Amino acid sequence: MSKFSAPGAVVPAVTLAVLGVGCGADEASDTRETAGPAGTTASAGQEPGTSSADESGAEAGAPEASSPPGDTPPERVRDAFAGLQATLNDSCGTPGDCEYFLGRVYDELHRLDRAMKADPKGPGHFPEPIALIEKLDGELDGDRSFENLKKHQSLLTGTRDRINTWMQGHPDDHR
């Protein structure tokens, strides 16, 4: 029985080794995305100083890796705008629903604001929505409590509606 235990132990050991390499590859991939330009960090299983581009001619995930850190692809504005549009059919029903709804509208407006300011086209490409959010922030005076959002509910939803109208009139800016 002891002569079969050694070969039987090899299978779990090999399996664990393969899984460990797989996990390491994911970590290396995460590092590569934040480490800088493509090819500066080798994936697991590669020699230092090489990249998968050296072997295949193109690095896996090149569109992501080719963007300098901090760049936000245009899809982010589209996604943030879709999140804001998802609030259009909601409203204040019960007090709990109202708190969630107003907080979500606030969050979605600021998500869109961040996306527009980070967009490769630049914040100047979205002047009216950014100005509307700045005006809203001035009125809220940094207080995003439910009581303050409820007090400014018409301004909050009005800002959302005006930005929706502006974005609908500028479809190339978010598609």
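Since we're looking at a predicted model, the values are computed, not measured. Throughout, numbering of the chain's residues begins at 1 and tracks the sequence.
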dist Glu134:CD -> Leu136:CG (nearest 0.5 Å) comes out at 11.0 Å

Atom pair CG/CZ of Asn164 and Arg162 - distance to nearest 0.5 Å
12.5 Å

Shared hydrophobic cluster for Phe146 and Leu109 (ILVMFWY, side-chain gaps under 4.5 Å):
yes

Spell out, yes or no, whether Tyr100 and Leu102 are grouped together once hydrophobic residues are joined by side-chain heavy atoms under 4.5 Å, including indirect joins.
no

Going by the angle between their ring planes, with limits at 30° and 60°, are Tyr106 and His110 parallel, tilted or perpendicular?
tilted

side-chain hydrogen bond (donor to acceptor under 3.5 Å, both in side chains) partners for Arg111, two or more places apart
Glu108

Those residues at least two apart in sequence (or on a different chain) that pass side-chain hydrogen bond (donor to acceptor under 3.5 Å, both in side chains) with Arg144 are Asp107

Closest non-hydrogen atoms of Ala80 and Leu112, given as atom of the first, atom of the second and distance, are CB-CA, 3.6 Å

Would a 4.5 Å heavy-atom cut-off, applied to side chains only, mark [X] and [Y] as touching?
| X | Y | result |
| --- | --- | --- |
| Arg76 | Met116 | no |
| Asp97 | Asp90 | no |
| Phe126 | Asp113 | no |
| Gln85 | Gln168 | yes |
| Trp166 | Pro127 | yes |

Does Leu84 offer a backbone N or O that forms a donor-acceptor pair with the side chain of Arg160 under 3.5 Å?
no

Distance-only donor-acceptor hits, side chain of residues 148-157, under 3.5 Å, sequence neighbours excluded:
residue : atom : partner : partner atom : Å
Asn148  : OD1  : His152  : ND1          : 3.2
Asn148  : ND2  : Leu140  : O            : 3.0
Asn148  : ND2  : Asp143  : O            : 2.7
Lys150  : NZ   : Gln153  : OE1          : 2.9
His152  : ND1  : Asn148  : O            : 3.0
Thr157  : OG1  : Gln153  : O            : 3.0

